[in-house]
Amino acid sequence: MGKLDRSFYLKDTVTVARQLLGKLLVHEVDGNKISGLIVETEAYLGTEDRAAHSFGGRRTPRNEAMYSQGGHAYVYFIYGMYYCFNAVTGHEGVSEAVLVRALEPLEGLDFMAAARYQTSYSELNARQKINLTNGPGKLCMALTIDRSLNGEDLCGNRLYIEERDETPDICSSKRIGIDYAGDDRDLLLRFNILNNKYVSK
DNA sequence: ACCGCGATGCCCT
DNA sequence: GGGCATCGCGGTA
């Protein structure tokens, strides 16, 4: 399966958010592939979107990566203890991005279990298996995505997204955790694979 | 099952 | 000094 190239990320942000569903997010750590299928995303539409960190043209050290060329990572630190991973979209200077909110674990299961629960995958109960990657902070813990990957080129060899054959059935809904965003809180910019058990609650 | 809350740090006003 | 694109716990039912 091929790695998604630059042109994928230069498409319209909502298109990217929808098309990322079913693709494989990969972090290569010490030669090991840690990966999961993307099952939930949200689109953040830049300076016009009250929910986006770049609303109104806000441009600071924290959100600078949002303004980079499509196909880079925007990783930010939130609530004092979690990271969230976005794929930046659009051309340089455009501050749009897609937040990856949940994964279905595929490769490196023991690595993820160690990162989340300090044990092996086979020792996890059913609830812990689901909770490995069913939220934006959780998937970053499981894949050890942190500040050091902010601005990383997703067309490189450390952190990237792979093509997949299957085109999943999807649906849209309101974005999570953005009640501060006025009317924009009601936009249907959250997308998920139907009936996938790793979609966040 | 759902609900409420505290954790915890960094950024930006 | 306020608030945050979250999570997990402990309460009640």
Trainee: Throw together a table of side-chain donor-acceptor distances under 3.5 angstrom for residues 65-75 of chain A, partners on residues two or more places apart or in other chains.
Mentor:
residue, atom, partner, partner atom, Å
A/Tyr67, OH, A/Gly57, O, 3.4
A/Tyr67, OH, A/Arg58, O, 2.7
A/Ser68, OG, A/Ala65, O, 2.6
A/His72, ND1, A/Gln69, O, 2.8
A/Tyr74, OH, A/His53, ND1, 2.7

Trainee: Please report the distance, rounded to the nearest Å, between CG in A/Asp146 and P in B/dC10.
Mentor: 13 Å
Trainee: Between A/Asp49 and A/Arg175, is a salt bridge (Lys or Arg N to Asp or Glu O under 4.0 Å) present by the stated rule, with each step listed?
Mentor: CA-CA 12 Å; A/Asp49 179 0; A/Arg175 293 173 291 181; 2.7 Å; yes
Trainee: Round to a whole Å and report the spacing from CZ of A/Phe55 to C1' of B/dT13.
Mentor: 16 Å
Trainee: Checking all strands, does A/Arg59 fall into the base, sugar-phosphate, or nothing category for heavy-atom contacts under 4.0 angstrom?
Mentor: nothing
Trainee: Distance check: side-chain N/O of A/Tyr180 vs OP1/OP2 of C/dA5, anything under 4.0 Å?
Mentor: yes
Trainee: When you measure from the side-chain N and O atoms of A/Lys138 to the phosphate of C/dG8, is any distance below 4.0 Å, counting only OP1 and OP2?
Mentor: yes
Trainee: Tell me whether the side-chain N/O atoms of A/Arg116 come closer than 4.0 Å to OP1 or OP2 in C/dG8.
Mentor: yes
Trainee: Is the ring of A/Tyr79 stacked on the base of B/dA7, with centres less than 5.5 Å apart and planes under 30° off?
Mentor: no
Trainee: Do the side-chain N or O atoms of A/Arg185 get closer than 4.0 angstrom to the phosphate oxygens (OP1, OP2) of C/dA5?
Mentor: no
Trainee: Measure CE/A/Met66 against C1'/B/dC11 and give the value in whole Å, please.
Mentor: 15 Å
Trainee: When you look for runs of 3 or more Watson-Crick or G-U pairs in a row, both distances below 3.5 Å, which of them include DNA chain B?
Mentor: B:1-7 with C:6-12, B:9-12 with C:1-4
Trainee: So which one's nearest nucleotide on DNA chain B is more toward 5', A/Tyr82 or A/Asn63?
Mentor: A/Tyr82
Trainee: Find the distance A/Arg62:CZ to C/dA5:C1' and express it as a whole number of Å.
Mentor: 9 Å
Trainee: Nearest whole angstrom, please: distance from the P of C/dC9 to the CD of A/Gln128.
Mentor: 10 Å
Trainee: Using a cut-off of 4.0 Å on non-hydrogen atoms, how would the nucleic acid contact of A/Gly80 be classed: base, sugar-phosphate, or nothing?
Mentor: base
Trainee: Checking side-chain polar atoms at under 3.5 Å, does A/Thr89 have a donor or acceptor matched by the opposite partner on A/Glu96?
Mentor: no
Trainee: Could you tell me whether A/Lys3 and A/Glu163 have a side-chain N and a carboxylate O separated by less than 4.0 Å?
Mentor: no
Trainee: Under the salt bridge (Lys or Arg N to Asp or Glu O under 4.0 Å) criterion, do A/Glu162 and A/Lys23 qualify, and how do the steps go?
Mentor: CA-CA 6 Å; A/Glu162 278 188 8; A/Lys23 303 291 195 289; over 6 Å; no
Trainee: Is a donor from one side chain sitting under 3.5 angstrom from an acceptor on the other, for A/Asn196 and A/Glu104?
Mentor: yes
Trainee: Starting at atom CD1 of A/Ile78, determine the distance to atom P of B/dA7, rounded to an integer number of angstrom.
Mentor: 18 Å
Trainee: Are A/Tyr121 and A/Glu123 close enough, and set up right, to give a side chain to side chain donor-acceptor pair (under 3.5 Å), and what steps lead you there?
Mentor: CA-CA 5 Å; A/Tyr121 186 77; A/Glu123 296 296 317; over 6 Å; no
Trainee: What's A/Arg175 touching, base or sugar-phosphate or nothing? Going by heavy atoms closer than 4.0 Å.
Mentor: nothing
Trainee: Please determine, by modelled atom types, if A/Asn125 and A/Lys129 share a side-chain donor-acceptor pair under 3.5 angstrom.
Mentor: no
Trainee: With a 4.0 Å cut-off on heavy atoms, is A/Leu99 in touch with a base, just the backbone sugar-phosphate, or nothing at all?
Mentor: base
Trainee: Go through B/dC11, B/dA7, C/dT6 for me and flag the one nearest to the A/Met81 side chain.
Mentor: B/dA7
Trainee: Please give, in whole Å, the distance from C/dG8 P to A/Met141 CE?
Mentor: 5 Å
Trainee: Of the candidate nucleotides B/dT13, C/dA5, C/dC7, which contains the atom at the shortest distance from the side chain of A/Arg58?
Mentor: B/dT13
Trainee: May I have the distance from A/Tyr76 (atom OH) to B/dC11 (atom P), rounded to whole angstrom?
Mentor: 15 Å
Trainee: Compare the minimum distances between each of B/dC10, C/dT6, C/dA5 and the side chain of A/Tyr74, then state the nucleotide with the smallest one.
Mentor: C/dA5
